[in-house]
Amino acid sequence: MKILRAQSNGQTFYAELKGELIKRISGLPYDDITFTGELYNLRNVNILAPSEPSKIVAIGRNYAAHASEMKAAMSDTPILFIKPSTSALASGGNIIYPRMSARVDFEAELGVVIGKTCSKVSAEDAADCIFGFTPLNDVTARDLQKVDGQWGRAKGFDTFCPFGPYIYTDYDVRNKRVQSILNGIVMQDGSTADMSVSPSELVCFISEVMTLLPGDIIATGTPAGIGPMQKGDSIEIRIEGMQPLINTVI
Ligand code: MG
């Protein structure tokens with residue numbers, strides 16, 4: 001299924017997308033899905049970020065080639081950092097270039113959407129906690145990341161976590177291309193096959209630290225080829241088989 005969150009006539013709701021048709025869901029989509037019977041056309045609604053995360057847990061250096069380009073060592077255990085829920089942005093929304101920074105980068109990533117409350121889940125049970133997958137851009141103020149040491153500011157600005165437009169619930173993540181395209185030019189062209197730690201292993205690891213809630217997002221790390229964006233740029237994140245995530249920098 002393709003799941004989205006939309007706004008129409010002042011109402012906000014989750015829905016399933018079938019072709020151009022939007023089938024409104026009653027409440028949240030994570031447990032049993034109940035349709036309200038209301039139908040909309042994709043062209044007549046405002047598309048929002050497809051979940052409302054309590055937190056976005058991101059992974060540093062999950063692709064060896066990116067760690068190498070950053071002149072950083074791969075770690076034995078995943079490096080976790082948090083992007084605030086307020087950094088979420090829909091596809092089509094504007095990434096706001098902060099006054100504090102002079103270098104703002106794109107990072108193409110596979111986003112994992114959590115479907116149930118999970119704490120200390122085993123590797124075998126971790127896949128069951130995943131609701132679906134979506135394209136994500138881990139926007140980063142690279143200059144501030146270097147200055148601060150800690151990444152909270154560099155990764156945490158409002159609009160610095162575009163994801164969507166849809167969540168794909170039946171998606172095999174193995175061997176899928178992960179690309180970023182800046183103003184029509186391919187900048188990153190990696191594969192999920194090169195991830196050091198798989199999405200299920202990440203759920204298992206993170207849930208050992210903190211409880212993951214339905215709608216929470218995991219940003220699974222970026223392949224090599226990151227680079228800066230300027231005001232006016234169009235940045236597109238493509239995960240093979242998914243509708244691309246497209247944003248403009250202002
Ligand atoms: Mg990243």
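For the numbers below, each heavy atom of this structure counts, side chains included, while hydrogens, waters and symmetry mates do not. Indexing begins at 1, ligand by ligand and atom by atom, following the structure's order.
Using a cut-off of 4.0 Å between Lys/Arg side-chain N and Asp/Glu carboxylate O, E38 and K23 are scored as not salt-bridged. Ionic pairing of R238 and E240 is not present here: no N-O contact between side-chain nitrogen and carboxylate oxygen is shorter than 4.0 angstrom. By the 4.0 Å N-to-carboxylate-O rule, D105 lies close enough to R103 to be salt-bridged with it.
The atom name of the N/O/S atom in E107 closest to the Mg ion (ligand 1) is OE1. Of all N/O/S atoms in D138, OD2 sits nearest the Mg ion (ligand 1). Nearest N/O/S atom of E109 relative to the Mg ion (ligand 1): this is OE2.
E16 pairs by the side-chain hydrogen bond (donor to acceptor under 3.5 Å, both in side chains) definition with nothing, not counting sequence neighbours.
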